[in-house]
Amino acid sequence: MLAAHPSSPDFQSLYTQHHGWLLGWLKRRLHDAGLASDLAQDTFIKILVARNSNDIIAPRPFLATIAKRLIANHCRREELEHAYTDALMHLPPALAPSPETLSILVESLQLIDRALDTLSDKARNAFLMAHLDGMTYAEIAVELQVSSHSIKKYLSQANLLCFFAVPDFAAL
């Protein structure tokens, strides 16, 4: 258990006092109780793993910020999955992947997505802008308000992470 600080709650208190509020907040936005419950838990897990809950000055805005990011990540994953499925539906049957290949591809995308979740927001956004939007280093640098050198560093880190996140299925 985290040490208590007189002016802010420890993790257990944070969870007890704000979980119900966060769950209701998510349900109103998502209209999906199951997803809201999952994202509420993920929000608290992020806090538990990443930081000392005693440092949180305004718990509800902080929780809402984390939850908004998780919602955005969830929407991004759904959008990617729908785009991929849509692209596959438009392939001629002879070119469509087998169910086994499709399963491997979806699993690979999920592994890459989990790997990207470990990156900083700027590194993850740089990766997505480069690979999904086709933006140049210079365009990404302007968008993220960092140097082109930082973009090169972000993309090297993200590409390497993604490379090692996906096993070599051909070798299995």
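For the numbers below, each heavy atom of this structure counts, side chains included, while hydrogens, waters and symmetry mates do not. For clarity, every value in this text was computed on a predicted model and none was experimentally measured.
Under a hydrophobic-cluster definition in which Ile, Leu, Val, Met, Phe, Trp and Tyr are linked whenever side-chain heavy atoms come within less than 4.5 Å, directly or via other members, L128 and I151 are assigned to the same cluster. I66 and L23 end up in different hydrophobic clusters when Ile, Leu, Val, Met, Phe, Trp and Tyr side chains are linked at under 4.5 Å. Hydrophobic clustering of Ile, Leu, Val, Met, Phe, Trp and Tyr side chains at less than 4.5 Å, counting indirect connections, keeps L155 apart from V142.
A donor-acceptor contact closer than 3.5 angstrom links the side chains of T101 and S98. E78 and H82 share no donor-acceptor pair across their side chains, judged by distance under 3.5 Å alone. A donor and an acceptor atom, one from each side chain of N159 and H131, are located under 3.5 Å apart.
Counting only heavy atoms from C-beta outward, the side chains of I47 and F62 approach each other to under 4.5 Å. The shortest distance between side-chain heavy atoms of I140 and S148 does not fall below 4.5 Å. Taking the side chain as every heavy atom from C-beta outward, L30 and H74 never approach each other to under 4.5 Å. A 4.5 Å side-chain heavy-atom check between N125 and S120 finds every atom pair outside the cut-off. Two residues are said to be in side-chain contact when any heavy atoms from C-beta on lie closer than 4.5 Å; Y15 and Q41 meet this criterion. Contact check for N73 versus R124: side-chain heavy atoms found under the 4.5 Å cut-off. Taking the side chain as every heavy atom from C-beta outward, L14 and F44 approach each other to under 4.5 Å.
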Practice item. Any chance you could lay out the side-chain contact (heavy atoms from CB on, under 4.5 Å) test for T136 and E139, step after step, and finish with the verdict? Key: CA-CA 5 Å; T136 66; E139 292 169 333; 3.2 Å; yes
Review point. Can you check side-chain contact (heavy atoms from CB on, under 4.5 Å) on W21 and L63, steps first, answer last?
Key: CA-CA 10 Å; W21 170 84; L63 292 168; 4.3 Å; yes
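In this structure, A67 and L26 approach most closely via the heavy-atom pair CB-CD2, 3.9 Å.
Within the structure, salt bridge (charged side-chain N to carboxylate O under 4.0 Å, His left out) contacts touching residues 66-75 (residues at least two apart or in different chains) are R69-D121.
In this structure, E107 CD and L102 CG are separated by 11.5 Å, a value rounded to the nearest 0.5 Å. Between L109 atom CG and R114 atom CZ the span is 11.0 Å, to the nearest 0.5 Å. In this structure, OH on Y154 lies 10.0 Å from NE2 on H149, to the nearest 0.5 angstrom. K153 NZ to K122 NZ: the interatomic distance, rounded to the nearest 0.5 Å, is 11.0 Å. To the nearest 0.5 angstrom, E143 atom CD is 8.5 Å from Q145 atom CD. The line from NE2 of H18 to CZ of R60 is 6.0 Å long, rounded to the nearest 0.5 Å.
For L160, the side-chain contact (heavy atoms from CB on, under 4.5 Å) partners are F164, not counting sequence neighbours. Looking at residues two or more places apart in sequence or on another chain, you find a side-chain contact (heavy atoms from CB on, under 4.5 Å) between I45 and D42, V49.
When atom types are taken as modelled, the side chain of S150 and the backbone of V146 share no donor-acceptor pair closer than 3.5 angstrom. Under a 3.5 Å cut-off, the side chain of T43 and the backbone N or O of L39 do form a donor-acceptor pair. Although no hydrogens or angles enter the test, the distance criterion places no donor-acceptor pair under 3.5 Å between the side chain of S103 and the main chain of P99. In this structure, D32 contributes its side chain and G34 its backbone to a donor-acceptor pair below 3.5 Å. The backbone N or O of A115 sits less than 3.5 Å from a side-chain atom of T118, completing a donor-acceptor pair.
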